[in-house]
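Here the structure comes first, spelled out in structure tokens, and everything after it is commentary.
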Amino acid sequence: MSKIKAIRGMNDILPEKTPVWQFLEKTVRDVLAGYGYREIRTPIVEQTDLFKRSIGEVTDIVEKEMYTFADRNDESLTLRPEGTASCVRACEEHGLLYNQVQRLWYAGPMFRYERPQKGRYRQFHQIGVETFGMSGPDIDAELILLSARLWKQLGIEDVVTLEINTLGSAESRQAFKNDLVAYLTTRKDDLDPDSQRRLTSNPLRILDSKSAQTQLILNEAPNFHDYLDAESTSHFECLKALLNSVGVNFRVNPRLVRGLDYYSKTVFEWVTEALGAQGTVCAGGRYDGLVQQLGGKSTPAVGFAMGVERLILLIESISKLPASLYQQADVYILPLTTTLEVKQKILCVAETLRDETELKVVLGCGDGSLKSHLKKADASGARVALLIGQKELEHDTVQVKFLRETIDQQEISVKDLTDSFLTKF
RNA sequence: GUGGGCGUAGCUCAGUUGGCAGAGCUCCGGAUUGUGAUUCCGGCGGUCGUGGGUUCAAGCCCCAUCGUCCACCCCA
């Protein structure tokens, strides 16, 4: 019988890694709170149609990457591949968008059936930020500023750069897409195979093709700039001015096209060179049409999502986190002799310490040798070990042994313990 | 879905022309009977990913298969 292992592309996050995750999550929560964003939590499973209608029927995500299965009543359910659709659904369902403005965020696992590689997994985690009811470029700028502040707090601001673009209104983009497809269809045989396929699946992506031949053909293609509507253009110009005025550096990338159908006007990406092929660490944009598309009242909206695993990889490659984040214990209490009486005593002393202080107190349990107890005390990262044996039991004292400093071991009474500890630490 | 690299102890990895299955770290014990982190000694630990084939003999060669990593595609 072979051992059961985790599903491909779905990773365990082990105790030695969780401190980085907690650091990231706490930092994100604090920054978002500072901008007045509130958390929303939605189910991981939704009706399949929600994603089909929001992400786009012919995108790769919907066509081949969704974890879709039949519920017991034959309803088609899907593990969420992204968070925006669920967020919009929940807001709409509970009237959160009725004549009001919302600033929201969510965090959690997403699921896409893809071949795993660096920074890409089948269960991965996103932290998403969504705003509703604000149509101007000022909220776009706020979101970008918020993310820039976050990179600073995480210590990765030097390795990410901002790219922005505008996709125009849905109408202008559709008109451009039609003309682009019409033109490229006449040259179809000269396109690289990937681009030929994209002609029906994701034509805007052809602009991004790495084939030199295809790029030559694109030189003759219609130019999206000529299709941009006046409102989108001024929205974009205004956003750029706002970013300049607050000192956020950016690069306009006319080939920046987001993969999901629902975007319009502003799109942006934070990218890095440090993660190999998966350079996008955070991406988002405006999706003014989505709420209506899902059956609600027309509502302007803009948001973005971060790939948590990718951010973790970046943090690990760049910044040294304080050792205290990894420290299991401040104080380690262990028995000098493993009699029942001594075990009772160290249990009581540990509880007293937890009552009286905020210290992390770990107990040396079990019947190992004194040597192995002390080794574990050392490995716990604790600053001091408290040793209690038969003699200490009789005198109601503990031996205080400093593990990281050259300070003589001292015997103090249990009564004095919390007082002297509170002043020492 | 396509292409390439890699699968040997809990972890990191050696293993020569096909000839006894190895090291470091970790863990446990001892040197030091109630004192860790240094040093020394000893010990635990293996379906060499799996299945088949060639051979007197396979961790090593051949075939298949699974896993994993990286890349393409796509995306956060």
Side-chain angles (χ1 to χ4, degrees), chain A residues 1-3 5-9 11 14 16 55 58-65 81-84 107 109-129 147 160 192-195 197-198 201-202 205 208-211 257-260 268-272 275-285 303-314 332 334-339 342 364 366-382 384-393 399-406 408-409 411:
Chain A
M1 174 98 86
S2 57
K3 278 186 190 161
K5 297 170 47 172
I7 309 297
R8 172 201 287 249
N11 299 310
L14 301 178
E16 63 174 355
I55 296 168
V58 294
T59 57
D60 274 22
I61 292 179
V62 169
E63 275 188 337
K64 48 188 196 192
E65 294 178 2
E82 57 104 39
T84 301
M110 308 292 163
F111 302 84
R112 292 183 199 171
Y113 189 88
E114 302 179 90
R115 283 286 280 269
Q117 65 186 75
K118 189 183 183 69
R120 198 181 71 183
Y121 311 100
R122 289 186 174 178
Q123 174 176 333
F124 62 105
H125 296 76
Q126 284 189 339
I127 299 172
V129 182
S147 55
V160 292
D192 61 281
D194 276 334
S195 294
R197 189 176 46 76
R198 290 185 184 117
S201 64
N202 202 347
R205 274 272 160 185
D208 217 0
S209 171
K210 284 160 192 162
S211 153
V257 175
R258 312 284 9 281
L260 281 49
F268 65 93
E269 275 188 12
W270 289 92
V271 296
T272 181
L275 293 184
Q278 260 61 46
T280 303
V281 133
C282 168
F304 67 84
M306 305 171 252
V308 177
E309 281 82 355
R310 292 178 188 181
L311 288 172
I312 298 279
L313 287 169
L314 260 195
Y332 195 99
L334 60 93
L336 287 163
T337 51
T338 53
T339 62
V342 170
D367 292 334
S369 67
L370 176 58
K371 179 187 181 120
S372 85
H373 272 303
L374 280 165
K375 286 179 91 155
K376 282 168 189 158
D378 189 36
S380 76
V384 300
L386 302 182
L387 292 64
I388 299 176
Q390 197 57 40
K391 193 184 85 187
E392 290 74 19
L393 186 66
Q399 300 288 344
V400 180
K401 180 183 177 65
F402 286 81
L403 297 171
R404 332 239 153 247
E405 297 143 284
T406 47
D408 286 342
Q409 179 171 317
E411 182 171 359

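Below, chains carry the letters A, B, ... as their sequence lines are ordered, and counting in each starts from 1.
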For a quick test of reading the model: is some side-chain N or O of [X] closer than 4.0 Å to OP1 or OP2 of [N]?
X: Q117(A); N: A71(B); result: yes
X: T280(A); N: C75(B); result: no
X: K118(A); N: U68(B); result: no
X: R8(A); N: U68(B); result: yes
X: R115(A); N: U68(B); result: no

Between [atom2] of [N] and [atom1] of [X], the distance in whole Å:
X: H373(A); N: G36(B); atom1: NE2; atom2: C1'; answer: 13 Å
X: D192(A); N: C74(B); atom1: CG; atom2: C1'; answer: 15 Å
X: D408(A); N: G36(B); atom1: CG; atom2: P; answer: 16 Å
X: E114(A); N: C72(B); atom1: CD; atom2: C1'; answer: 13 Å
X: R112(A); N: C73(B); atom1: CZ; atom2: P; answer: 17 Å
X: R197(A); N: C72(B); atom1: CZ; atom2: P; answer: 14 Å
X: D194(A); N: G3(B); atom1: CG; atom2: P; answer: 14 Å
X: I61(A); N: C73(B); atom1: CD1; atom2: P; answer: 16 Å

If you look at every strand shown and take non-hydrogen atoms under 4.0 Å, does [X] touch a base, only sugar-phosphate, or nothing?
X: Q390(A); result: base
X: G284(A); result: nothing
X: L311(A); result: nothing
X: E65(A); result: sugar-phosphate
X: A283(A); result: sugar-phosphate
X: E16(A); result: nothing
X: K391(A); result: base

Indicate, yes or no, whether a donor-acceptor pair under 3.5 Å links the base of U35(B) to the side chain of Q409(A).
yes
Answer yes or no: side-chain N or O of R310(A) and base N or O of C75(B) forming a donor-acceptor pair under 3.5 Å.
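Indeed there is one.
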Which pairs, protein N/O on one side and nucleotides 37-41 of chain B N/O on the other, fall under 3.5 Å?
unit_1	atom_1	unit_2	atom_2	d
A37(B)	O4'	D378(A)	OD2	3.0

Is it true that, when you exclude [X] itself, more than 12 heavy atoms of the residues, nucleotides or ligands shown sit nearer than 6.0 Å to its [atom1]?
X: F402(A); atom1: CZ; value: yes
X: I7(A); atom1: CD1; value: no
X: E16(A); atom1: CD; value: no

Decide yes or no on salt bridge (Lys or Arg N to Asp or Glu O under 4.0 Å) for R404(A) and D378(A), but give the supporting numbers first.
CA-CA 9 Å; R404(A) 332 239 153 247; D378(A) 189 36; 3.2 Å; yes
When you compare [N] with [M], how far apart are their [atom1] atoms, in angstrom units rounded to a whole number?
N: C27(B); M: C60(B); atom1: P; value: 33 Å
N: G49(B); M: C69(B); atom1: C1'; value: 15 Å
N: G51(B); M: G67(B); atom1: P; value: 16 Å
N: U12(B); M: C74(B); atom1: C1'; value: 34 Å
N: A57(B); M: U65(B); atom1: C1'; value: 25 Å
N: A14(B); M: G29(B); atom1: C1'; value: 28 Å

What nucleotide among [options] has an atom nearest to a side-chain atom of [X]?
X: R120(A); options: G29(B), U35(B), C72(B); answer: C72(B)
X: Q278(A); options: G30(B), A76(B), A71(B); answer: A71(B)
X: R205(A); options: C75(B), G30(B), U35(B); answer: C75(B)

For [N], which nucleotide is its Watson-Crick or G-U wobble mate, given both distances must be under 3.5 Å?
N: U16(B); value: none
N: C61(B); value: G53(B)
N: G43(B); value: C27(B)
N: C72(B); value: G1(B)
N: C6(B); value: G67(B)
N: U33(B); value: none

Do T280(A) and E269(A) pass the side chain to side chain donor-acceptor pair (under 3.5 Å) test, and can you show the C-alpha distance, the side-chain angles, and the key distance before you say yes or no?
CA-CA 7 Å; T280(A) 303; E269(A) 275 188 12; 3.2 Å; yes
R310(A) side chain to G279(A) main-chain N or O, any donor-acceptor pair under 3.5 Å?
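A pair under 3.5 Å: no.
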E114(A) and R120(A) ion-paired at < 4.0 Å:
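A salt bridge links E114(A) with R120(A).
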What's the separation between atom CG in L334(A) and atom CG in L370(A), rounded to the nearest 0.5 Å?
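L334(A) atom CG to L370(A) atom CG measures 6.5 Å (nearest 0.5 Å).
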Q399(A)/E392(A) under side chain to side chain donor-acceptor pair (under 3.5 Å): CA gap, chis, key distance, verdict
CA-CA 8 Å; Q399(A) 300 288 344; E392(A) 290 74 19; 2.9 Å; yes
The residue, I388(A) or V308(A), whose nearest nucleotide of RNA chain B is more 5′ is I388(A)
Go nucleotide by nucleotide along RNA chain B from the 5' end; which of G389(A) and A277(A) gets its closest nucleotide reached first?
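Nearest nucleotide further toward 5': that of G389(A).
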Exercise: identify the closest heavy-atom pair between G389(A) and V342(A):
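Between these two residues, the closest heavy atoms are C-CG2, 3.9 Å.
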